[in-house]
Amino acid sequence: MAARRGVGMRLPGSGDAGSSSSGVGGDSGGPRSPTNGAARSPGQQGGTPFSNFRKIVDPSGRLNFAQKAVLHADGVDFSSGASFKIKMDDFELFEELGKGNYGTVQKVLHRPTGVEMALKEIRLELDDSKLKTIVTELDILHRAVSPWIIEFYGAFFVESCVYLCMQFMNAGSLDFFAGCDVPELVLARITKSIVAGLKFLKDELRIMHRDVKPTNVLLNTAGQVRLCDFGVSGQLDRSLAKTNIGCQSYMAPERIKGESQGAVISYSAASDVWSLGLTVIETAVGHYPYPPETYSNVFAQLTAIVHGEAPTLPDSYSDAAHAFVESCLQKDAARRPTYQQLLDSEWLRDDDKREVDMAGWIATSLEYRKTHPKIQAPALA
């Protein structure tokens with residue numbers, strides 16, 4: 001595994017179950033066809049694109065990120081010594097996979113290797129928070145070598161756009177499967193994968209994800225389940241984070257309280273455990289656990305999250321599954337279990353010993369969705 005972090009693009013080996021179809025999702029980022037040109041940035045409104053970026057873009061067009069990484073048209077060089085050589089001319093572009101506030105994500109074929117990838121384009125803007133988002137995701141992706149984290153193949157910078165090359169997960173995100181018939185063993189395997197990924201981020205990289213939700217969990221037809229979208233992740237300071245960033249609808253009560261009071265409140269990885277609990281329920285029932293149509297407005301909905309009774313799994317799931325979710329959705333963050341305790345829970349502790357046909361379930365669910373399209377509904381009222 002360590003060898004895959006060497007100089008050059010890191011690609012899946014021939015023995016990797018997901019190597020024939022690897023890819024990415026999430027809410028932000030994405031690419032643009034070279035024939036269309038790069039996205040227009042704010043810098044183009046008042047002079048040349050680079051003139052407004054001179055503090056981070058040198059005259060040769062190299063993008064320098066806070067002493068952590070240098071991006072250019074032929075790849076990225078990290079301060080750690082790792083380099084990934086990849087460029088736009090290497091790709092054949094296919095369909096758009098998603099679009100968000102920062103740009104688009106497009107399916108591509110890396111012609112030199114024959115590997116399908118997800119190319120995420122991020123339009124560069126003179127905004128400190130956005131620049132931090134880009135460098136945070138780059139920094140985490142190139143260090144996060146784990147079976148539960150999306151793979152990173154490289155990055156490059158062209159005409160005011162940053163491009164991230166990542167594993168293409170060809171079955172899409174977990175929200176697409178939410179509401180399909182989800183057997184308990186399948187739900188447990190998905191949950192175990194998410195917990196293992198979050199534990200890796202915390203233990204190995206000292207990172208909180210801070211945006212755990214179904215759209216940031218990806219699957220492929222080989223049955224793999226991986227976390228993605230680390231742009232809002234935060235470094236842990238003695239296991240505490242001190243900024244409120246993420247999707248409000250999946251935020252833990254303590255984070256919502258902090259935002260409502262206009263205060264920056266320290267909170268721990270237990271906040272991601274709350275988001276995990278909501279994600280598990282949504283996967284099982286097919287909709288956000290606090291349906292916006294049942295509340296008069298968003299304030300009533302957020303009040304229910306902070307003060308109301310926590311949602312539960314359907315009765316068809318076992319007592320062990322119910323106990324697991326209940327432990328995640330404790331209003332008192334101090335009472336929520338650690339990732340290790342979750343892995344040791346009655347519901348997950350024997351998961352590795354179970355035969356779970358994830359690939360078969362994914363194939364069946366993809367067929368089901370052809371005749372039962374997913375209806376997208378907002379999470380907030």
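In what follows, residues are counted from 1 in the order of the sequence shown.
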Atom CG of Leu174 and atom CG of Asn216: how far apart are they, to the nearest 0.5 Å? 10.5 Å
Phe78/His142 aromatic ring centres below 6.0 Å: yes
Around atom CG of Asp350, are there more than 12 heavy atoms from other residues, nucleotides or ligands closer than 6.0 Å? yes
Test side chain to side chain contact (heavy atoms under 4.5 Å, CB included) on Val76 and Val70; report intermediate values, then the result. CA-CA 6 Å; Val76 57; Val70 177; over 6 Å; no
If you draw a 6.0 Å radius around CD in Glu95, do more than 12 non-hydrogen atoms from other residues or ligands fall strictly inside? yes
CZ-OG1 distance between Arg369 and Thr364, expressed to the nearest 0.5 angstrom: 13.0 Å
Tightest non-hydrogen contact, residues Ala171 and Phe176, listed as O-CD2, 4.3 Å
Mark yes or no for whether Gln341, through its side chain, and Thr338, through its backbone, hold a donor-acceptor pair below 3.5 Å. yes
Between Trp361 (side chain) and Asp181 (backbone), is there a donor-acceptor pair under 3.5 Å? yes
Arg189 side chain vs Asp351 backbone, donor-acceptor pair below 3.5 Å: yes
Look at the side chain of His372 and the backbone N and O of Tyr368, then say whether any donor-acceptor pair between them is shorter than 3.5 Å. yes
Within this structure, what is the CG-CG distance for the pair Asp139 and Leu205, rounded to the nearest 0.5 Å? 8.5 Å
Please work out whether the ring planes of Tyr290 and Tyr288 are parallel, tilted or perpendicular, with thresholds of 30° and 60°. tilted
In this structure, CG of Leu164 is separated from CZ of Phe152 (nearest 0.5 Å) by 6.0 Å
Please assess Lys257 against Glu254 for the test salt bridge (charged side-chain N to carboxylate O under 4.0 Å, His left out), listing each intermediate value before the final yes or no. CA-CA 5 Å; Lys257 286 180 184 177; Glu254 62 272 16; over 6 Å; no
Working for side-chain hydrogen bond (donor to acceptor under 3.5 Å, both in side chains), residues Asp175 and Thr215: CA-CA 6 Å; Asp175 69 309; Thr215 54; 5.7 Å; no
Take Leu119 and Phe91 through the side chain to side chain contact (heavy atoms under 4.5 Å, CB included) test and state the conclusion after the steps. CA-CA 9 Å; Leu119 185 64; Phe91 295 113; 4.2 Å; yes
Test salt bridge (charged side-chain N to carboxylate O under 4.0 Å, His left out) on Lys192 and Asp352 and set out the steps. CA-CA 9 Å; Lys192 180 271 179 86; Asp352 289 339; 2.3 Å; yes
Straight-line distance of His287 NE2 to Ile375 CD1, nearest 0.5 Å: 12.0 Å
Side-chain donor/acceptor of Asp272 to backbone N/O of His209, under 3.5 Å: yes
Once you round to the nearest 0.5 Å, how far does OH of Tyr250 lie from CH2 of Trp274? 13.0 Å
Polar contact flag, side-chain donor to acceptor under 3.5 angstrom, Thr221-Asn170: yes
Residues Gly223 and Ile362: closest non-hydrogen pair is CA-CD1, 3.8 Å
Please check if Leu97 and Leu109 belong to a single hydrophobic cluster, counting links between Ile, Leu, Val, Met, Phe, Trp and Tyr side chain heavy atoms closer than 4.5 Å. no
The single option from Val182, Leu366, Ile190, Val217 passing side-chain contact (heavy atoms from CB on, under 4.5 Å) against Phe177: Leu366
Please lay out, stage by stage, how Arg143 and Glu204 fare under the test salt bridge (charged side-chain N to carboxylate O under 4.0 Å, His left out). CA-CA 9 Å; Arg143 293 188 292 132; Glu204 302 299 324; over 6 Å; no
For Arg336 and Ala270, indicate whether the former's side chain and the latter's backbone hold a donor-acceptor pair under 3.5 Å. yes
Determine whether Gln224 and Ile150 satisfy the following criterion, side chain to side chain contact (heavy atoms under 4.5 Å, CB included), listing intermediate values before the conclusion. CA-CA 10 Å; Gln224 295 177 332; Ile150 203 74; over 6 Å; no
Candidate pair Asp344 and Gln340, rule side-chain hydrogen bond (donor to acceptor under 3.5 Å, both in side chains), full reasoning: CA-CA 6 Å; Asp344 292 338; Gln340 188 58 57; 3.1 Å; yes
Determine whether a donor-acceptor pair (N or O, by modelled atom type, separation under 3.5 Å) exists between the side chain of Lys331 and the backbone of Ile305. yes
Using ring centroids (six-membered ring only for Trp), state whether His110 and Tyr153 fall under 6.0 Å. no
Indicate, with yes or no, if Leu278 and Ile256 share a hydrophobic cluster defined by side-chain heavy-atom contacts under 4.5 Å among Ile, Leu, Val, Met, Phe, Trp and Tyr. yes
I'd like to know whether Leu227 forms a side chain to side chain contact (heavy atoms under 4.5 Å, CB included) with Trp148, so could you lay out the CA-CA distance, the side-chain angles of the two residues, the decisive distance to 0.1 Å, and finally the verdict. CA-CA 6 Å; Leu227 291 174; Trp148 303 288; 5.8 Å; no
Taking the side chain as everything from C-beta on, heavy atoms only, tell me whether Phe156 gets closer than 4.5 Å to Asp90. no
Does Phe299 CZ have over 12 foreign heavy atoms under 6.0 Å away? no
Does the Ser345 side chain pair with the main chain of Leu342, one donor and one acceptor, at a distance under 3.5 Å? yes
Kindly check if the number of other-residue, nucleotide or ligand heavy atoms within 6.0 Å of CD (Glu326) is above 12? no
For Arg226 and Met169, indicate whether the former's side chain and the latter's backbone hold a donor-acceptor pair under 3.5 Å. no
Give a yes or no on whether Arg335 atom CZ has more than 12 heavy-atom contacts from other residues, nucleotides or ligands under 6.0 Å away. no
